[in-house]
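To keep things clear, I will list the structure first and then write my remarks on it.
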Amino acid sequence: MSTRVPPDRARLDRPALVALLLGLAGVGYRLVLTLLTVPAANSDEATFGLAAMHIAAGREHPVFLYGQHYMGMVESYLAAPLVALAGPAWPVLRLPLVALYALFLWLSYRLSRRLYRPWFATFTVGLLALGTERVVRDQLTVVGGRPEGKPMVLAILLIAVGLAERRGRWRRPGWRRAAAGLAGWCAGAALWSDWLLAPYLAVAGLLLLHAARRELRGWPGLLLVAGFAVGVAPLVWDNLVAPPGADSWSVLRQLSAGTGPTPPLVDRVRGGLLTGVPLATGLCPVTGCARRQEWFGVLYPVLLVAAAGLALVGYRRTAGRPTATRIRPVAQLTLLAGAALTLLSYVRSPPAATDPLANARYLAVLQISLPAVLWPLWLAAVACWRGTVGVVGRLVGASATAVLAGLTATALVATGLFLTALDAPRADQRRARELADAVRRTGLREVYGDYWTCNRLTFDTGERVVCAVLDGQLTPGQNRYRPYWRQVERAERPGYVLPVDSPAERRLRGLLGDRADPARLAEVAGYRVYHPASAVRPWR
């Protein structure tokens, strides 16, 4: 009797098994951080959580983040069913992102293995399994766009390669039609979710058209267009009904322009390469990069050029052959073009120079292209250790091995340092919980507070306390969800939850005078809670 294992149940080979173990470690690491609510939450993330509550209750169906016209709400819709079942809680809100990270890791492995080599794909998974605070914050906090956008882009690239090669299941017409529709939906939904993905979506779309222009005739092409229309429909509809100047394109242009003079190009390039790239790659703590950690930013454009040269050589060697044979170097060039366009777009913006630490999050999508960027190093290192090159080749290969080892060691050390500093975010989360409990015990239902307090407090209390935002002068601040402001405005005796000795608290005490101390109900977690006998609204 034959003991051969059926193809669809074949055992994992060694690279796949190691990749699976590394991937499970990366997912488990992020699951533990999610259960601990690390990194700590904030009011931006709370706004997504409140939207998930509203979606779960059927009260709202937002297209963009409250108070914005460019950040899609895919993450809130994903979290809504869990919030409906388990109630509002930070781990519940973040659990879908752990699943999205696992999907990203799997798709990255599949694409890397298909375009390069099995053990290189495993190495890529190992690097992506690590994560400093900057990296895991982009992956685990519900702030829109990047966690869901990266697997969508990878799915489009894999579909393009599969349609071109037409192997196995890709020969089935039904499979190709479904894949084309999925690729279209991923492109539309990713564009709605975050415009930051536009460079990758553009080059992925070109790859799809190049690889499968014949396959997309007829039903597959119609389903591709239909899928894109469905995915992008929320964005299109909201922009059609938006007031003049409030559409996504106008808002994004205003944000990109910034305020004040544009910093010199050299400062923007320095901020993008020496700070942004190492931070986004997980080589630096969130507080910034030391000189010894900036080296990968200097090397990054060199690797982009080298990898592009290798891909072009591979493309020329397959000249005259069918598209199925030439698709791999073209897909490699697509990954490199996406990274280059993203980096160029970033260094054009003033924030790359004015605040590179905070804005390095916009380079998180470069993780999509990590295999393509590191491929020249791997190729040179393997050639060196196999002894298939001359003296110069061995020297280059030894250097490439040292770079890969240094990259891995730096990422490991940076991740370890992050794990030794979990007390601060956990303490911050604990203080927020204490504040929410203290405000609830006072019996207050409507309060005023600052921006970084309000929506977080409202989410932590499950909307049992509703908070409206004031600035340091006790005048209306950035209120993302206007119904909260209107509710607190209607309250006869709203409370005030203000950081101790903040400009807002000093202003309030000045307005209350001798009534300030009698109005104070509690002091907890660095805040003071006031409940004056009559409302204090100096803007009226």
Side-chain angles (χ1 to χ4, degrees), residues 12-13 15-31 96-132 135-136 138-140 145-162 179 182-183 186-187 190 193-194 196-197 199-201 203-204 207-208 277 280-283 300 303-304 307 311 327-328 330-339 342 363-378 404 407-408 411 415:
L12 297 174
D13 60 15
L17 181 59
V18 175
L20 176 63
L21 295 176
L22 292 172
L24 289 174
V27 173
Y29 166 46
R30 284 155 179 82
L31 182 60
L97 301 194
V98 178
L100 287 171
Y101 166 76
L103 179 61
F104 165 69
L105 212 56
W106 178 65
L107 292 173
S108 184
Y109 172 78
R110 290 289 303 275
L111 185 63
S112 300
R113 181 165 178 141
R114 203 151 190 173
L115 299 183
Y116 303 103
R117 293 178 184 170
W119 279 113
F120 177 63
T122 301
F123 174 74
T124 301
V125 170
L127 281 181
L128 293 175
L130 300 173
T132 58
V135 170
V136 298
D138 288 321
Q139 294 169 343
L140 298 182
R146 296 173 290 279
E148 68 272 22
K150 290 185 291 185
M152 288 177 181
V153 171
L154 288 173
I156 298 170
L157 296 174
L158 273 167
I159 288 170
V161 174
L182 177 61
C186 285
S193 182
D194 193 346
L196 187 67
L197 295 160
Y200 274 100
L201 293 174
V203 294
L207 174 67
L208 188 63
V277 170
T281 312
L283 305 181
Y300 196 86
L303 292 176
L304 279 177
I327 188 61
R328 293 189 181 186
V330 177
Q332 293 167 9
L333 285 170
T334 300
L335 286 170
L336 296 167
T342 298
L363 293 178
V365 293
L366 292 180
Q367 289 179 340
I368 296 171
S369 299
L370 186 64
V373 174
L374 296 182
W375 176 239
L377 295 172
W378 181 273
L404 290 173
L407 181 68
T408 305
T415 300

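For clarity, every value in this text was computed on a predicted model and none was experimentally measured.
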Can a donor-acceptor pair be found, under 3.5 Å and without considering hydrogens, that links the side chain of [X] to the backbone of [Y]?
X	Y	result
Thr132	Thr415	no
Ser369	Leu336	no
Gln139	Tyr101	no
Tyr29	Gly131	yes

Can you tell me how far [atom2] of [Y] sits from [atom1] of [X], rounded to the nearest 0.5 angstrom?
X	Y	atom1	atom2	answer
Thr124	Gln367	OG1	CD	11.5 Å
Asp194	Met152	CG	CE	11.0 Å
Glu148	Leu103	CD	CG	11.5 Å
Leu105	Leu22	CG	CG	9.0 Å
Thr334	Leu207	OG1	CG	4.0 Å
Leu111	Leu158	CG	CG	4.5 Å

Between [X] and [Y], is any pair of side-chain heavy atoms under 4.5 Å apart?
X	Y	answer
Thr281	Leu366	no
Val153	Val365	no
Tyr200	Leu157	no
Leu335	Leu115	yes

Given Tyr109, Trp375, Trp378, the one that forms ring pair (Phe, Tyr, Trp, His ring centres under 6.0 Å) with Tyr116: Trp375
Answer yes when Asp13 and Arg113 have at least one side-chain N-carboxylate O distance shorter than 4.0 Å, and no when they do not. yes
What heavy-atom pair brings Leu303 and Val373 nearest, and what distance separates the two atoms? CB-O, 3.5 Å
